[in-house]
Amino acid sequence: MPELPEVETVLRSLLPKIKGKEINTVRVMHEDVVGWPGSVKEFSRGLFRKKVTGGFRRGKLLVFELNGGKKLIFHLRMTGRLYYRINPAPLEKHSHLVLEFVDGGTLIFEDTRRFGRVYLVAPGEECYAGNLEKLGPEPLGPDFDLEEFVRAFDKKKGRIKALLLNQSFIAGLGNIYVDEILFRSNIHPETPANNLEKHQIESIFLKMKEVLKEAIAGRGTTFRDYRDGEGRSGDFQNLLQVYGREGEKCPRCSDFIERKKVAGRSSFFCPCCQKDGINDPSSTGEC
DNA sequence: AACATCTCCTGAAAGC
DNA sequence: TGCTTTCAGGAGATGT
């Protein structure tokens, strides 16, 4: 399930391979992966003979800039994969879009569950590209400010887990990394956000950056489906401390990792290190 | 505002 | 063993 580190890894592995290349043919095998605006025909026509001039990541979105000003934007959601092939193998069942470049290389978008989307937008049409314009700050961005982050918690009565999953509050986090951040911060996922003390919010701020940087260094987490832009798995799944580890020993104390649905998602936490903030808001997390 | 529930979708895993 | 049911989840829509 690609979150910020996985999307960043796809970008880094893919961009050097396709930057400067010109799109020759566009094949859409499953039309419902093409998001607004416009028809699939317009989408294909809009890509024809365009060069990839650059690219960046924003939240979980991959943005490729094309000459002429349009942007090709992907959201991989759960099972989406985007990778480059020089000599394409026979396409798989769930390959939905293939861009062939003039030099023969191909960019392939496949997605088993088909939740992923691809958008082609002109300048001024960015609002149609998924949640691009509704995204909160980038956790690793140079402008991400601690004081602003602390203030943003003020009237948030919801649970911290739900808040960190909210892309308009903070961009790029998903279920795996939120659990890892809360574990490293000794905070129970059900703690009301506005019950958190300043030092706890500071901890989230720091641990968020720390976990994301480590995960990017490990080229992302492959739980099942995720691959980078060259089709390779990530390594960070071996370094997850709580996610997917129900019943295993906590890496910090003698207790065992529990699993509970919070904010509609499986949440993994140590009941000893991460005391329930509802019952014990003054918990320091020591156990 | 906050939270639950449903939808989309497939395939792995669990249940019987 | 083999069939059926459940579960996983990002995010938007809808209901309470």
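Chain letters run A, B, ... following the sequence lines, proteins first, then strands; residues in each count from 1.
Within the 4.0 angstrom heavy-atom criterion, only backbone atoms of the sugar-phosphate kind lie near A:Tyr243; the bases stay farther away. Residue contacts shown for A:Asp111 are absent, as no nucleic acid heavy atom lies under 4.0 Å away. A:Thr79 comes within 4.0 angstrom of no nucleic acid atom, judged by non-hydrogen atoms across all strands. As judged by a 4.0 angstrom heavy-atom cut-off over every strand, A:Arg114 is placed among residues touching the sugar-phosphate backbone only. Residue contacts for A:Met78: at a heavy-atom cut-off of 4.0 Å it reaches a base atom on one of the strands shown. A:Lys261 comes within 4.0 angstrom of the backbone, heavy atoms only, and of no base.
Looking at heavy atoms from C-beta onward, A:Phe205 lies out of side-chain contact with A:Val150 at the 4.5 angstrom threshold. For the pair A:Phe74/A:Leu97, a side-chain contact is recorded, criterion being any heavy-atom separation below 4.5 Å from C-beta on.
The 5' end of DNA chain B is approached more closely, in terms of each residue's nearest nucleotide, by A:Gly158 than by the other of A:Gly158 and A:Arg224. If you find the closest nucleotide of DNA chain C to A:Lys134 and to A:Phe115, the one lying nearer the 5' end belongs to A:Phe115. When each of A:Ala162 and A:His94 is assigned the nucleotide of DNA chain B with its nearest heavy atom, A:Ala162 is the one assigned upstream, toward the 5' end.
For DNA chain C, the span of nucleotides reached by chain A at under 4.0 Å from its heavy atoms goes, 5' to 3', from C:dA8 to C:dG12. Read 5' to 3', the first and last nucleotides of DNA chain B with an atom closer than 4.0 Å to a heavy atom of chain A are B:dA2 to B:dA12.
Residues of residues 210-223 of chain A that place a heavy atom closer than 4.0 Å to DNA chain C do not occur.
Of the charged side-chain nitrogens involved, at least one lies within less than 4.0 Å of a carboxylate oxygen, so that A:Arg12 and A:Glu8 count as a salt-bridged pair. We find that A:Arg58 and A:Glu126 are not joined by a salt bridge, their nearest charged nitrogen and carboxylate oxygen being 4.0 Å or further apart. Between A:Arg27 and A:Glu100 there is no salt bridge, since no side-chain N of the basic residue sits under 4.0 Å from a carboxylate O of the acidic one. A salt bridge links A:Lys17 and A:Glu230; the closest N-O separation between the charged side-chain nitrogens and carboxylate oxygens is under 4.0 Å. Salt-bridge formation is not detected for the pair A:Arg77/A:Asp111: no Lys NZ or Arg NE/NH1/NH2 atom is positioned less than 4.0 Å from an Asp or Glu carboxylate oxygen.
Closest approach of A:Leu11 and A:Pro16 over heavy atoms only: O-CD, 4.2 Å.
A:Thr79 and A:Arg113 are not linked by any side-chain donor-acceptor pair at a separation below 3.5 angstrom, with hydrogens and angles left out of the test.
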